[in-house]
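Data first, discussion second: the structure below is written as C-alpha cells.
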Amino acid sequence: MSTEQHNERRSKVEALRSAGVDPYPIGFVPTAEAAELHARFKDLGSEATTGEQVSVAGRLMGKRDLGKLSFGVLQDRSGRIQLFADQRTLGDELAAFVDLDLGDLIGVTGEVITTKRGELSVRIHEFSLLAKALWPLPEKWHGLADVETRYRQRYLDLIANEEARRVFGIRSRVMRELRRAFEGRGYVEVETPVLQSQAGGALAEPFQTHHNALSIDMYLRIALELYLKRLIIGGVDKVFEIGRVFRNEGVSPQHNPEFTMLESYEAYADYEDIMRLVEETVSGVALAVVGSSEIEYQDRPLDLTAPWRRASFMELINEATGREWSPEMPVEDAREAARELGVDVEVGGTGKVLEDLFGRFVEPGLWEPTFVVDFPKEISPFARDHRDEPGLVERFEGFVAGIEMCNAFTELNDPEEQLRRFEAQAEARAQGDEEAHLTDLDFVHAMEYGMPPTGGLGIGVDRLVMILANVSTVREVILFPHMRPLEGEASGPGS
RNA sequence: GGGCCUGUAGCUCAAUCGGCAGAGCAGCGGACUUUUAAUCCGAAGGUCGUGGGUUCGAUCCCCACCGGGCCCA
C-alpha cells in the first residue's frame, strides 16, 4: 500500500540520505522527560529563561510554523512538552525543523524557557531526526476512533489516544499491586506448565496442539489449578501464579480466547478466609491504583470497600424466581420448572439447571460487590463438600458490577472423593457435556500423599482491570485482542 | 450458530429518497517572530469493504462474501 503522503515522506528520506544524513541514527541520549520538566518548572512566569540545558526525545505530535519561528509539540512516554524553534537561534537549521513531519521521532537539545503566553518550552539549540515516520498520524484532535484499527494497530492507538495509555498504565499498576499484595501475605510466586498433556482445572474447551518430538497431542492450559495444588501437596503452603490461560470459546465483551488469571492457594485456610483475602486485596489494589475503593463504573457508583456482601447461591435463585429449588431435586423436575421460566437445559443434572437459572435471573442484578456462596456440587468438581449443606460445596464466586471476577473454594482434599467427582464428570461427558472434566489420575495420585486443607482462589485479572479502568469490554484492557486475520497478513494474534 | 448495526480520502465525519461524492485535520505551494486544534491565501487528494444482480445509469436498491461492533443462544 502506498499513498501520496507516504511517497512524499519516502522521498524526504532519500533526500536526507543523499545529503549524508542517516534518517535512523543511534546515539541520542535524553537527559529529561516532559512530565519531569513540567514538575520542576511549574512556577515560571511568562518569557522566563532558566539557563537549564536539557535533551529530550520523543515523537513530534504537533507543529505550528510562523515564518521565522516554529512551535513543535514533543510527546514522550511521560507526556508532552512544547518545542520553540526560532531563526535567531537556529539560523538555516530552522528550515530542516520545519521540514519535519508529524510522527517523526526526534531528539532535541536546548534551554528550558517559557514563551510570551507562559508555555513551558525547550528552545531548540540542536535537534536531530531519530527515526523518520513514513505514515501520517491519525487526526490530531479526535485521535484514532475506529475500534478495529485501534485493536489491529494498537501502537497507533497508544500514540494517538491518551485514553489507551491511561488504561494500560492502570493495568500495569494493577499487576504490580496484586503481586505486592500476595507477596506481602507471604505467598510465593511460581510458574507452571502452559503446555499440558491434559487440560484440567476448569470446565472449558482447550486449544489443541502437537508435540513433535514426543509425538503426542498437547493442550494449552485452561486453568492453573491442578499444578498449583500439586505444589500445596509439596509443602509450598502459600503459592500463587499470574498467567495466561486459553479457552477455545467465543469472544465477547467479557471473553478473549487467552486471558490472564491469578490463582492462589493457601494451606490451612478455607473459603471464608479467602473471601476476606479477596475483599481486602481488591479494595487495596483499587486504593493504590486509582486512589480510592469507592469508584465509578460505567456512570454508576461502585463501592469496593471491604467487607463485601455474602449471599447464598440457592437463596438468590429462590428469591429471583419466586420458587423453591434444591440441588437434590430430581433433574426432570428441575428442567420442567426451569422450562416454565423460559430456560431450556438439555444436558447435565440439576446443578447445571441451577447454574443456568443463576446466570439468567441473578447474575445481571449483582452490582455491588457480592460473594455468592455455596454452589451445587455437580458443577464444582474441585470444591470440598459443604460442612453443613448436603448437595452443596464450599465455593464462592465474587461478582462486581455484574461481572464474574473470581471463583474460590475450600479445596477438596480427599482423594477418594476426588476420584468419584472425576467419575461423575466422565459420566456427564458421556451424556454429551463437552465441557465436563477429564479424569486426572496423576492428580488423584498426588492427593493420595496427603493434601492439607486448603483455600484456593482464581481472579480474572482482565476483568478486575476493566472495572478499575472503567471500560466496558475486555478488549480495551488487552493490548492485542484476537481478531480475524486480514488477507495478506501473517503475524500477531488473529493476523 | 441466530438477530440488529456498521465499512465513504492517511485520520475524524458528511451527503446522495438511483443522476459528475465534500468538509475539517493531515499532506502539497505561498504569507507570517509568540503559537496552543495557530491563522490567512491557493491547488490537490476517492476501487464509496469485495464480487455479482436489477437499471439507460448503482456509493445508494437486491443477493452473496469479507472485516468490525452490539444483543441473544
Side-chain angles (χ1 to χ4, degrees), chain A residues 1-12 34 38 45-49 59-75 79-91 94-95 97-104 113-124 132-153 155-157 159-162 249-256 298 338 342-347 355-356 359-360 363-364 402 471-476 481-489 494-495:
Chain A
M1 184 167 80
S2 190
T3 68
E4 190 187 341
Q5 294 194 48
H6 187 250
N7 290 334
E8 184 75 33
R9 291 178 180 215
R10 281 171 60 201
S11 55
K12 284 186 183 181
H38 282 292
S46 61
E47 292 194 275
T49 55
R59 196 178 292 275
L60 188 64
M61 297 299 288
K63 195 153 61 69
R64 297 178 282 277
D65 300 322
L66 288 81
K68 299 191 174 62
L69 185 64
S70 178
F71 295 93
V73 178
L74 187 79
Q75 176 171 294
R80 292 180 169 199
I81 183 90
Q82 181 167 269
L83 304 175
F84 179 95
D86 67 322
Q87 195 167 54
R88 207 168 295 148
T89 312
L90 279 172
L94 180 62
F97 183 81
V98 169
D99 200 41
L100 291 171
D101 290 300
L102 298 190
D104 287 352
I113 61 158
T114 57
T115 61
K116 247 176 209 172
R117 296 283 175 86
E119 179 78 22
L120 189 72
S121 308
V122 176
R123 180 161 58 204
I124 304 174
K132 187 69 189 170
L134 297 178
W135 291 108
L137 291 175
E139 213 258 357
K140 65 181 170 185
W141 187 244
H142 300 93
L144 181 63
D146 183 73
V147 291
E148 185 178 347
T149 310
R150 288 185 45 238
Y151 299 156
R152 288 190 194 275
Q153 295 180 269
Y155 49 93
L156 282 184
D157 189 31
I159 290 168
N161 297 330
E162 165 93 45
E249 294 162 359
V251 296
S252 85
Q254 269 89 49
H255 300 84
N256 194 59
Q298 304 295 291
V343 175
D344 224 341
V345 187
E346 276 145 31
V347 294
E355 187 177 40
D356 276 30
R360 173 78 172 273
E363 226 177 282
V471 296
S472 61
T473 101
V474 79
R475 285 185 286 272
E476 293 293 337
H482 285 267
M483 296 261 166
R484 274 185 188 279
L486 294 177
E487 218 172 308
E489 287 193 4
S495 61

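Every chain is numbered from 1 and lettered A, B, ... according to where its sequence line falls, protein lines coming before strand lines.
- Residue order along RNA chain B, read from the 5' end via each residue's closest nucleotide, puts A:Glu148 first among A:Pro253 and A:Glu148.
- Comparing the same atom, C1', in B:C70 and in B:G30 gives a spacing of 49 Å after rounding to whole Å.
- Contact annotation for A:Leu66: base contact, defined as any heavy-atom pair under 4.0 Å involving a base atom.
- On the C1' atoms, B:C41 is 25 Å away from B:G46, given to the nearest whole Å.
- Put simply, CG on A:Leu120 is 13 Å from C1' on B:U36, counting in whole angstrom units.
- Atoms CZ and OG1, on A:Arg123 and A:Thr115 in that order, are 11.0 Å from each other to the nearest 0.5 Å.
- Using a 4.0 Å cut-off between charged nitrogen and carboxylate oxygen, A:Asp101 and A:Lys63 do not count as a salt-bridge pair.
- Side-chain contact between A:Thr89 and A:Ile124: absent, with no pair of heavy atoms (C-beta onward) separated by less than 4.5 Å.
- Salt bridge absent: A:Lys12 and A:Glu8 never bring a charged side-chain N and a carboxylate O closer than 4.0 Å.
- When heavy atoms are screened at a 4.0 angstrom cut-off, A:Arg475 is found touching the sugar-phosphate backbone but no base atom.
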Pairwise N/O distances under 3.5 Å, protein to nucleotides 21-27 of chain B:
residue: B:C25; atom: O3'; partner: A:Lys140; partner atom: NZ; Å: 3.4
residue: B:A26; atom: OP1; partner: A:Lys140; partner atom: NZ; Å: 2.7
residue: B:A26; atom: N3; partner: A:Gln5; partner atom: NE2; Å: 2.7
residue: B:G27; atom: O4'; partner: A:Gln5; partner atom: OE1; Å: 3.0

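- Between A:Asp86 and A:Lys68 there is no side-chain heavy-atom pair separated by less than 4.5 Å.
- Residue A:Arg152 has a polar side-chain atom (N or O) positioned under 4.0 Å from OP1 or OP2 of B:G68.
- Atom pair A:Asn161:CG and B:C11:P shows a separation of 14 Å (rounding to whole Å applied).
- Look at the C1' atom in both B:A58 and B:A21: the space between them is 13 Å, to the nearest Å.
- A side-chain donor-acceptor contact under 3.5 Å links A:Gln75 and A:Arg80.
- Once rounded to the nearest 0.5 Å, the distance linking OG1 of A:Thr3 with CD of A:Gln5 reads 6.0 Å.
- Rounded to a whole angstrom, the distance from the C1' atom of B:C56 to that of B:A44 is 33 Å.
- At the heavy-atom level, A:Glu47 lies nowhere under 4.0 Å from the strands shown.
- Here B:C70 presents its C1' atom at 16 Å from NE2 of A:His255, a figure rounded to the nearest Å.
- Nearest to the side chain of A:Leu144, among B:G68, B:C11, B:U36, sits B:C11.
- Residues A:Asn256 and A:His482 form a side-chain contact, since some pair of their non-hydrogen atoms from C-beta on lies under 4.5 Å apart.
- Contacts of A:Asp65 with the nucleic acid, taken as non-hydrogen atoms under 4.0 Å apart, include base atoms.
- Between the P atoms of B:C11 and B:G18, the separation comes to 28 Å (whole Å).
- Residue A:Arg64 has no polar side-chain atom (N or O) positioned under 4.0 Å from OP1 or OP2 of B:U36.
- Going from the C1' atom of B:A23 to that of B:U16 covers 15 Å, rounded to whole Å.
- Atom-to-atom, CG of A:Asn7 to C1' of B:G45 comes out at 12 Å; the value is rounded to the nearest Å.
- Between the CG atom of A:Asp104 and the P atom of B:G10 there is a distance of 19 Å, rounded to whole Å.
- Closest to the side chain of A:Gln82, from the set B:U36, B:U12, B:C70, is B:U36.
- One interatomic measurement links the two molecules: CD of A:Gln254 to C1' of B:C72, which rounds to 14 Å at whole-angstrom precision.
- Stretches of at least 3 consecutive Watson-Crick or G-U wobble pairs, with each checked distance under 3.5 Å, appear in RNA chain B as B:1-7 with B:66-72, B:10-13 with B:22-25, B:28-31 with B:39-42, B:49-53 with B:61-65.
- Both A:Tyr151 and A:Gly62 lie close to RNA chain B; mapped to their nearest nucleotides by heavy-atom distance, the more 5′-ward contact belongs to A:Gly62.
- In this structure, A:Gln153 and A:Tyr155 approach most closely via the heavy-atom pair NE2-OH, 2.8 Å.
- Here A:Arg484 contributes atom CZ and A:Glu148 contributes atom CD; the two are 12.0 Å apart, rounded to the nearest 0.5 Å.
- Between A:Asp157 atom CG and B:G10 atom P the separation is 20 Å, expressed in whole Å.
- If you check every strand for non-hydrogen atoms under 4.0 Å, A:Gly143 touches sugar and phosphate atoms only.
- Closest to the A:Asp146 side chain, of the nucleotides B:U34, B:U36, B:U12, is B:U12.
- With sequence neighbours left out, A:Tyr151 forms a ring pair (Phe, Tyr, Trp, His ring centres under 6.0 Å) with no residue at all.
- The shortest side-chain heavy-atom distance between A:Val343 and A:Val345 falls under the 4.5 Å cut-off.
- Across B:C66 and B:A73, the matching C1' atoms stand 24 Å from one another, rounded to whole Å.
- When rounded to the nearest whole Å, the span between CG of A:Leu83 and P of B:U36 equals 16 Å.
- The residue A:Thr149 sits apart from the nucleic acid: no heavy atom pair falls under 4.0 Å.
- Rounded to whole Å, the separation between the P atoms of B:C5 and B:C62 comes to 11 Å.
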